[in-house]
Engineer: 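Okay, here's the structure, questions in a sec.
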Amino acid sequence: MEYIFQIGIFVAIFAILAGSYNLLIGYSGLFSLAHAAFFGLGAYGTALLTSPESDLVSTPWPIWLGMLVAVVFTALTGLIIAVPALRVSADYLVVLSFGFQMVVVGVFLNWIQITKGESGITGVQRPTLLGMELNSSGTFLIYAILLTLLVYYLLWRVTGTPYGRMLKAIRDDQIAAESLGKRVVRSKIEIFCYASGIAGLAGAMFAQYVRVVSPASFLLDVSVEILAMLILGGTANILGSLVGAAVLTVLPELLRFLDVGSGHSEQVRLIVFGALLILILRFRPEGLLPEYWRPAWLRRRQERAVADDLAELRQGPLVLPPEVLGTTAKTGRPAIMMEVEDAVRSFGGIRALNGFSTTLETGRITALIGPNGAGKTTAFNLITGFLAPDSGRILLAGLDITNTKPHLLAGLGVARSFQNLRLFYQMTVLDNVMVGIPGQKGERLAWATVAMGPTWKEERQTRRMALQILRYVGLEERALTLAENLSYAEEKLLVLARMLAMQADLLLLDEPASGLDPNSLDAMYAMIRQLAEGGKTICIIEHNLDVIKELAHKIVFLDEGRAFAEGSTESLLKNPELAARYFGNA
Amino acid sequence: MELLWQLLVNGVILGSEYALLGVSWGIIFHITGTFHFAHGAVFSVGAYSAIFFSNVLGWPLLPAAMAGITVAVIVGMAMERFAYAPMRRIGATPMTVLITSLGMLIILQNVFPILFGSASRTFPDVNIIPIELGSAFLTNVLLYKVIAAWGLFGAVMAFLYYTRPGKALRAVGSNPEMAQVVGFNIGNIYLLAYAIGSALAAVAGVLQTMDTGASPANGTFAVIIASMSVLLGGMGSLTGSALGGFFIGMAMSLSIWKLPSEWQLTVGFGLLIILITVRPRGFLGGKLTKTEV
């Protein structure tokens, strides 16, 4: 019995490790090789603060306090690699976490005065739980299960809330997430530290159970084992991590009974784990429980909630939610939404924009046209903050926004689309729109964790608003489909829906009509016109003259990096010089 | 002062060794973009195959070393051909490729102790000759390390800049889509990158075996050092990878002046963190731009 309890405790420890690792690898697309190191930091921290045999503190700290400090310390240690790496790219995190893993084990081994080197720290105390001594494996198992439940509750609060949706959006497309106003770098650093802290908690529990911590328990190999559990269970599925940890903890124990007696059991074990990683990725990359898998009753409940919302919405007229009209709808709209003054931007020796000036008038549709390489996309990137101008000014409703970051501009009411769409393809249509809605309190980690009731209440409103937008563009029947399964025309509609969700005043659309069939084209025209009539300022990049004739009030003709001609659509299309330059029919 | 001179000499040797590792991993990373963890296993394959030819089959050192390097090249190319290339074809994410690579590293690194034991292994007939350099001491093997590192680095650079296949490699590295349009066979060029990188790693592995012996964990350490060197040197610059490796080796060696030798890696890593914070694109990396919008 003791033996079975012991396996249960190890399932709990690995379930916590795999679940927290999943936050990084599955939900955030961050690959770290240092999870075992953070596991170790939590274990050593707990041992050093609470063991009577520790040389760090003369009198051992109260156990709960020691554990808490160890976990917080572990989370903060995550900053050492997360900040320098994630400011730049996720590639850097791979290298730095790899090095960090080695350095941490090196510190455990070599800082002998404190860590006692290879032999490690002994005499770690177990806590008491409601007056119960946790002396046997059976009683410790109760404690382990309680901690695991606590951790899985926290994981669920992180992943099943707006916060988790935002993480996945950042994972799927960082640039698109930025354009929606998400704080990409900050969120990545935050989740890295959070996951590291949870690994530290698993370490604390491990230290208390085995009562001795030594470097050999926290090697790179352990990260590989945890990785195999999470890949087997399924990335970005928390329950999957639980299943994976259980399977890969229990299975090797069973195999132990048929020990081949080679004397290389540790190596054989790791070879099996390595092979398992490769085989799962080859033959079932989504793991046992795929990302959007959930128990049938939960799935049905979500489907019913969506269906109910839609049924109610269908009673009303086909309109956008009032919030979508934008912030200036209430405060009064300026006549001119955006001014670009003399913007210059070079790449290497090439001046992509060379003194570009224009104005975008409120409620009007302006078309940016010009030959390839004229600077249209550069102009878009400048207006939306993805590029900074070398010189010149950009004003939004009179406010100087030159050099403002994209995620801040999104908050100021600038929404853009991308030529290559940049949808969040591993998320549902509904989630793609919900993630675009600004000002969700549940996108803050602390709020999502603590304020359960308010988060759900907000989430119901968000979902309703998203469904109303989806109904407006005609995608409501596809709400629970993954974006990658949409047709091209549907993808284009979803791009528009996601932009509308941002409640922006200024919409910058990069070729909204390209690749659409005649039916979808008419629907798209109607919506864009209606949005302009409703007071939105719209700027489109377009090559197709028919689209321009249908939509644009005004044309800005870009050539060689400047506004070569500018005027109403009728007058500009009659201009013979323009016709010669652009259409080549001189 | 004598200690400092010795440490400088040691630093040049260690730096050269790490420069070779950096270049060996860098040529693969810069050109294919794959996070090739299993490179550490290729390093060990080179070392242990040479040991096999020398100690088990009784070949003389030079042919055994050559055979070992050949085996490593074959293994490296096989990883690209049978593991990475099929995954790219089915559109696997970079993370999937990276985990596969890690899986291969773990498998191979645990096969070696089963086949060759966990203890350090070396060749029976290495003739070590001490060399005096002022007040500093080194050996002929250490000198080979320095010569091999910079000789091979020069050869690779010459190959990349003055031969047709070398130019093809650079073209693919800087813009794969364009290179494909122009008619290069990407698959073959990637194979070439793995062949060169694996050969360089195996040279480093054999030289390390001659010097201090081969043990199973060396490969993992080698790939950590190699990737740190590339990061420090800057993405896309092979010269940067060599300089990055040299810098890390030199810094680790000089740290012994004031610190016990166990803290070498910590010092190297700490410096990397600081330098990356101050200069995120590394020594010679191109301007870091956001992914094209």
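None of the values given here were measured: they were computed from a predicted structure.
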Engineer: Within the distance-only criterion (no hydrogens, no angle test), does the side chain of A:Tyr92 pair as donor or acceptor with the backbone N or O of B:Ile276 below 3.5 angstrom?
Structural biologist: no
Engineer: Quick check on A:Phe100 against chain B: is it the side chain, the backbone, both or neither that has a heavy atom closer than 4.5 Å?
Structural biologist: both
Engineer: So, taking the atom named CZ in A:Arg282 and the one named OG1 in B:Thr100, what distance separates them when rounded to the nearest 0.5 Å?
Structural biologist: 9.5 Å
Engineer: Please flag which part of B:Leu102 lies under 4.5 Å from any non-hydrogen atom of chain A: side chain, backbone, both or neither.
Structural biologist: side chain
Engineer: How about B:Thr266 and A:Met102: do any of their side-chain heavy atoms sit closer than 4.5 Å?
Structural biologist: no
Engineer: Against chain A, work out which of B:Ile225, B:Ile274, B:Ile273 has the most heavy-atom pairs shorter than 4.5 Å and name it.
Structural biologist: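 The option with the most such pairs is B:Ile273.
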Engineer: Check each atom of A:Ile271 against the heavy atoms of chain B and say whether the ones under 4.5 Å are side chain, backbone, both or neither.
Structural biologist: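 Its backbone and side chain both get close to chain B.
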Engineer: Given the rule in the side-chain contact (heavy atoms from CB on, under 4.5 Å) test, do B:Glu262 and A:Leu109 qualify, once you have shown the distances and angles that lead to the verdict?
Structural biologist: CA-CA 9 Å; B:Glu262 309 87 85; A:Leu109 271 176; over 6 Å; no
Engineer: Heavy-atom cut-off 4.5 Å, strictly under: side chain, backbone, both or neither for B:Met95 against chain A?
Structural biologist: side chain
Engineer: Where on A:Asp91 is there a heavy atom nearer than 4.5 Å to chain B: the side chain, the backbone, both, or neither?
Structural biologist: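 It is both, since atoms from each part get that close.
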Engineer: If you measure from CD1 on A:Ile25 to CG on B:Leu98, what distance do you get to the nearest 0.5 Å?
Structural biologist: 9.0 Å
Engineer: Check whether A:Ile231 gets within reach of chain B through its side chain, its backbone, both or neither, counting any heavy atom under 4.5 Å.
Structural biologist: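 The side chain, not the backbone.
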Engineer: Please determine, among A:Leu277, A:Leu96, A:Val104, the option with the most heavy-atom pairs under 4.5 Å with chain B.
Structural biologist: A:Leu96
Engineer: Residue by residue, scan residues 104-121 of chain B and write down, ordered by number, those that have a heavy-atom distance under 4.5 Å to chain A; if none do, write 'none'.
Structural biologist: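 At a heavy-atom separation under 4.5 Å, chain A is reached by B:Met104, B:Ile106, B:Ile107, B:Asn110, B:Val111, B:Pro113, B:Ile114.
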Engineer: With a 4.5 angstrom heavy-atom cut-off, is it the side chain or the backbone of A:Leu227 that approaches chain B, or both, or neither?
Structural biologist: side chain
Engineer: Chain A contacts: which residues in residues 77-94 of chain B have a non-hydrogen atom closer than 4.5 Å to it?
Structural biologist: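 Within residues 77-94 of chain B, the residues that come under 4.5 Å of chain A (heavy atoms only) are B:Ile90.
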Engineer: Is A:Phe98 close to B:Phe35 at the side-chain level, that is, under 4.5 Å between some pair of heavy atoms?
Structural biologist: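 Sidechains of A:Phe98 and B:Phe35: no contact.
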Engineer: So for B:Phe37, is it side chain, backbone, both, or neither that comes closer than 4.5 Å to the heavy atoms of chain A?
Structural biologist: side chain
Engineer: Evaluate side-chain contact (heavy atoms from CB on, under 4.5 Å) for A:Val103 paired with B:Trp263, printing each intermediate quantity in order.
Structural biologist: CA-CA 9 Å; A:Val103 166; B:Trp263 296 102; over 6 Å; no
Engineer: Pick one of side chain, backbone, both or neither for A:Val107, based on which atoms fall under 4.5 Å of a heavy atom in chain B.
Structural biologist: both
Engineer: Measure distances from A:Leu279 to the heavy atoms of chain B and classify the residue's part below 4.5 Å as side chain, backbone, both or neither.
Structural biologist: neither
